[in-house]
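Remarks on the structure that follows.
Numbers for residues simply follow the sequence, beginning at 1.
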Amino acid sequence: MVQSVVHIALVVKEYDEAIDFYTKKLHFTLVEDTYQPEQDKRWVVVAPPGSLGTTILLARASKPEQEQFIGNQSGGRVFLFLGTDDFWRDYKDMVSKGIDFVREPKEQPYGIVAVFQDLYGNLWDLVQFKDEHPMTKRIQ
């Protein structure tokens with residue numbers, strides 16, 4: 001049996017500002033942006049550069065109960081984990097683009113990590129795993 005997590009939905013305030021953040025500040029690829037007239041919404045999918053795995057579905061909040069979760073989909077915990085093959089390259093680039101790091105880089109037994117916020121305040125880990133870590137093979 002082969003299965004995979006294909007998309008993770010991220011509730012956003014507005015499609016275009018979210019696309020702008022992910023593509024220009026994080027260098028994500030815009031995989032799809034398709035209008036769905038029957039639901040009057042867009043199907044917007046982004047992916048980290050070079051990634052062939054899980055993508056992020058940017059889902060605009062369409063109801064008041066969804067709006068309250070923008071920027072806090074995980075109750076204030078780190079929500080998403082962006083793996084990289086070169087931590088310092090990406091960290092410096094993100095800082096130069098004004099990305100807000102709420103926890104500075106730190107060496108851990110599994111690699112180097114820092115926590116940043118996206119445009120709405122969701123927390124992300126930027127992480128480079130050590131060569132011997134099982135996740136390293138999945139990122140490369």
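No donor-acceptor pair closer than 3.5 Å links the side chain of T55 to the backbone N or O of I8. At distances below 3.5 Å, not a single donor-acceptor pair connects side-chain atoms of Y22 with backbone N or O atoms of V46. Counting only distance, with no hydrogens or angles, the side chain of S51 and the backbone of G53 share a donor-acceptor pair below 3.5 Å. Side-chain atoms of K106 do not come within 3.5 Å of backbone N or O of V113 as any donor-acceptor pair. At least one donor-acceptor pair closer than 3.5 Å links the side chain of E14 to the backbone N or O of D16. Judged by distance alone, with hydrogens and angles left aside, the side-chain atoms of Q68 form a donor-acceptor pair with the main-chain N or O of E65 at under 3.5 Å. A donor-acceptor pair under 3.5 Å links the side-chain atoms of Y15 to the main chain of R42, judged by distance alone. No donor-acceptor pair under 3.5 Å is formed between the side chain of Q128 and the backbone N or O of I112.
The two residues A47 and V31 make their nearest non-hydrogen contact at CB-CG2, 3.8 Å. Taking every heavy atom of both residues into account, W43 and V45 meet most closely at NE1-CG2, 3.4 Å. Here the closest non-hydrogen pair linking A114 and R103 is CB-O, 3.4 Å. Listed here is the closest heavy atom pair of Q117 and I99: O-CG2, 4.0 Å. Taking both residues in full, the closest heavy atoms of E107 and K130 are given as OE1-CE, 4.5 Å, listed atom of the first, atom of the second, then distance.
The side-chain heavy atoms of V127 and T84, taken from C-beta on, include no pair separated by under 4.5 Å. With contacts defined as side-chain heavy-atom distances shorter than 4.5 Å, the pair M94/W124 does not qualify.
For an aromatic pair to be called close, the ring centres must be under 6.0 Å apart, and F101 with Y91 satisfies this.
Looking only at atom types and distance, the side chain of Q73 has no donor-acceptor partner in the side chain of Y120 under 3.5 Å away.
Under a 4.0 Å N-O distance rule, the pair D93/R89 does not qualify as a salt bridge.
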Evaluate the criterion side chain to side chain donor-acceptor pair (under 3.5 Å) for residue pair D40 and Y35; output intermediate values, then yes/no.
CA-CA 7 Å; D40 191 31; Y35 179 66; 2.6 Å; yes
